[in-house]
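Throughout, a chain's letter reflects where its sequence line sits, starting with A, and its residues are numbered from 1.
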2 protein chains.
Amino acid sequence: MHEATLTIGQLADRSGVAPSALRYYERLGLISAARTGGNQRRYARTELRRVAFVRISQQVGVSLDEIREALDSLPAGRTPTPEDWAALSRAWRDRLDERIRLLGKLRDDLDGCIGCGCLSLQRCTLYNPGDSLAAEGPGARLVLPRD
Amino acid sequence: MHEATLTIGQLADRSGVAPSALRYYERLGLISAARTGGNQRRYARTELRRVAFVRISQQVGVSLDEIREALDSLPAGRTPTPEDWAALSRAWRDRLDERIRLLGKLRDDLDGCIGCGCLSLQRCTLYNPGDSLAAEGPGARLVLPRD
DNA sequence: CCTTGAGGTGAAGTTCGCTTGAGGTTCGAG
DNA sequence: CTCGAACCTCAAGCGAACTTCACCTCAAGG
């Protein structure tokens, strides 16, 4: 046990990601593997980190394509250091903050609507943020944040 | 102006939702419309509230299918009161709180990882929550919250 | 040696939330 | 009455993120 490399099944068990998904990730260039003489994948243990980073990034709401770009920025040639990984994580941190902020605002707005019992097109900030729509004729337009 | 009903184009402009999406919502049973003699849709103004509720619910992370279920729980026959809408909004409130909590936890965990510079499979709570995996043999399994 | 289960490939299928396209109809201003 | 914009339906397409399928090979235990 504790061998140098992992089979796809082992990586799947360890990461909680299905083998089919791991192959898919490989096609997208998110992870990579050496091959045995019989063409089977053998993963370096460091790939586990990459898989982990992928899943965490997805939770943050990043697309696989963007995750690939981020992973591409890791130093080629040498095994990424902890500091390399930390740098990537920091990049996501801001996005995470922003998402949390947006959801918080949504919750507050929703609270406001519950408070006034309205969901009203006339008064609710969810519908008529800053009354900025009044100039465009009668009736509010529903404008929700694009992201 | 300020007529009793809205054409699909008017509802689209007011709600910020494309006509094609509104037709799609109708197929799913999220909204409904009367028809003119010439088969064109005419929306009651209250449909604007339904559309708004749909978009807000999507922001909360609810699927169209669940939104339909929620809308189905509105009283049939009479126009929903503000209190009816408030009840629906309250139901989402908990989900929103939960999502915010999860993202917050993810952020904290990510902070921890940045702090220790690790993304380590041995130490990081993101990977080995509560050390509960130690019993299942050597090596941690990546376990992220299902939702 | 034989079997069995893990692995491999490529193509096609799935779900979600819409959009696009083709081809035809209706509405309302002039 | 005419004309163009807006509307209609139905079917197909799209992109993301995978899974499933058919079919074939490889690796290890009895």
Return the value, rounded to whole Å, for the distance between atom [atom1] of [X] and atom [atom2] of [N].
| X | N | atom1 | atom2 | result |
| --- | --- | --- | --- | --- |
| Q10(B) | dC27(C) | CD | C1' | 12 Å |
| R55(A) | dA16(D) | CZ | C1' | 14 Å |
| R23(A) | dT20(D) | CZ | P | 12 Å |
| I31(A) | dA17(D) | CD1 | P | 15 Å |
| L30(A) | dA16(D) | CG | P | 13 Å |
| Q58(A) | dA16(D) | CD | P | 13 Å |
| Y24(A) | dG7(C) | OH | P | 21 Å |
| Q40(B) | dC7(D) | CD | C1' | 4 Å |

Short side-chain N/O contact from [X] to OP1 or OP2 of [N], under 4.0 Å:
| X | N | answer |
| --- | --- | --- |
| T36(B) | dC27(C) | yes |
| Y25(B) | dC18(C) | yes |
| R41(B) | dC8(D) | yes |
| T7(A) | dG7(C) | yes |

Indicate yes or no: does [X] engage [Y] in a salt bridge with an N to O separation below 4.0 Å.
| X | Y | value |
| --- | --- | --- |
| R95(A) | E98(A) | no |
| D97(B) | R93(B) | yes |
| E26(B) | R35(B) | yes |

- request: Give me the ring orientation class for W85(B) and F53(B): parallel if the planes are under 30° apart, tilted from 30 to 60°, perpendicular past 60°.
  value: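 The arrangement is tilted - the two ring planes meet at 30° to 60°.
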
- prompt: At under 4.0 Å between heavy atoms, what does R35(B) touch on the DNA or RNA strands: base, sugar-phosphate, or nothing?
  reply: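 Since only primed, P, OP1 and OP2 atoms lie under 4.0 Å of R35(B), the category is sugar-phosphate.
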
- prompt: Which sits closer to the 5' end of DNA chain C, S20(B) or N39(B), going by the nucleotide each is nearest to?
  reply: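 It is S20(B), whose closest nucleotide lies nearer the 5' terminus.
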
Nearest-neighbour nucleotide for the L64(A) side chain, dT9(C), dA27(D), dC18(D) considered: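 Among the listed nucleotides, the one closest to the side chain of L64(A) is dC18(D).
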
field: Position toward the 5' end of DNA chain D (nearest nucleotide), R42(A) or A18(A)
entry: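 Result of the comparison: A18(A).
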
query: Side chains of L11(B) and V17(B): does their closest heavy-atom pair fall under 4.5 Å?
result: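 Answer no - side chains too far apart.
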
